[in-house]
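In this chain, numbering begins with 1 at the start of the sequence shown. The figures here come from the full heavy-atom set of this structure, side chains too, leaving out hydrogens, waters and symmetry mates.
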Amino acid sequence: MDIFEKLKSGEPVDMMSPEYRPAVEELRRADLALFYLNHTEPTPEKIAAALDVLFEFFQIDFPKQMTIGNHVFINHNFTAMSIGGITLEDNVQIGPRVTIVTDNHDFDNRYVLKCKSVLIKRNAWIGANVTIMPGVTVGENAVIAGGSVVTKDVPDNTVAGGNPARVLKQL
């Protein structure tokens, strides 16, 4: 199992260990690619040439750990701490200033990462300023109200909101 598979599996990973080096190299590669994208003249041709995506000012620390479906819309100032794996299924909509986090640190040794993947299912809509924490699944057709902090799974066909987010109604 390579380091990226290990991170997605949820096994603890020591960031100081030699096995973590490929992850550090990927983080540096992604930072450089994002720098060029975010400093490219905003014409469709030049942006597409920079990364083959049309996003405005976003940060994805481990793009290799993300799966993005068809017809996904991601608004500006998106932050994806994707080391543990993020999947955005088809037709997901992400509002501005959304953060998705897949990693946490061990309380006893803060150099040990504990990752849990995040899954956003088909047709989900994530409102502005939402934070989604490690291990969460947002259900199909679910809506997350702006400003929410999602710490637990959200069922299909529901609206959830608040801090921590809770189901507000069924759709």
What distance do [X] atom [atom1] and [Y] atom [atom2] have between them, rounded to the nearest 0.5 Å?
X	Y	atom1	atom2	answer
His71	Asn123	NE2	CG	11.0 Å
Cys115	Leu7	SG	CG	4.5 Å
Asn75	Ile126	CG	CD1	13.0 Å
Ile132	Ile144	CD1	CD1	6.0 Å
Ile94	Leu88	CD1	CG	5.0 Å

Which heavy-atom pair separates [X] from [Y] by the least distance, and what is that distance?
X	Y	result
Val98	Gly127	CG2-O, 3.2 Å
Ala80	Ile86	CB-CD1, 3.8 Å
Pro18	Pro22	O-CD, 4.1 Å
Val154	Ala142	CG1-CB, 4.0 Å
Ser9	Met1	OG-SD, 4.2 Å
Gly135	Val118	N-CG2, 4.0 Å

Exercise answer: donor-acceptor pairs, residues 63-70 side-chain atoms, under 3.5 Å, sequence neighbours excluded:
unit_1: Gln65; atom_1: NE2; unit_2: Phe4; atom_2: O; d: 3.1
unit_1: Gln65; atom_1: NE2; unit_2: Ile83; atom_2: O; d: 2.7

Do [X] and [Y] share a hydrophobic cluster, counting only Ile, Leu, Val, Met, Phe, Trp and Tyr and linking them when any side-chain heavy atoms are less than 4.5 Å apart?
X	Y	value
Val24	Phe62	yes
Met16	Val13	yes
Val101	Val136	no
Phe78	Met81	no
Leu119	Val72	no

>> Show me the pairs that pass salt bridge (charged side-chain N to carboxylate O under 4.0 Å, His left out) and involve residues 120-146, at least two apart or across chains.
In response: Asp90-Arg122

Using a 4.5 Å cut-off between side-chain heavy atoms of Ile, Leu, Val, Met, Phe, Trp and Tyr, which other residues end up in the same hydrophobic cluster as [X]?
X	answer
Phe107	none
Val143	Trp125, Val159, Leu168, Leu171
Val149	Met133

>> For Glu26, give me all partners under side-chain hydrogen bond (donor to acceptor under 3.5 Å, both in side chains), at least two apart in sequence or on another chain.
In response: Arg29

>> The criterion is side-chain hydrogen bond (donor to acceptor under 3.5 Å, both in side chains); which residues satisfy it with Glu11, sequence neighbours excluded?
In response: none

Could you name each residue pair satisfying side-chain hydrogen bond (donor to acceptor under 3.5 Å, both in side chains) that touches [range], not counting sequence neighbours?
range	value
residues 15-25	Lys6-Glu19
residues 143-158	Asn141-Asn157
residues 94-107	Arg97-Asn129, Asp106-Lys114

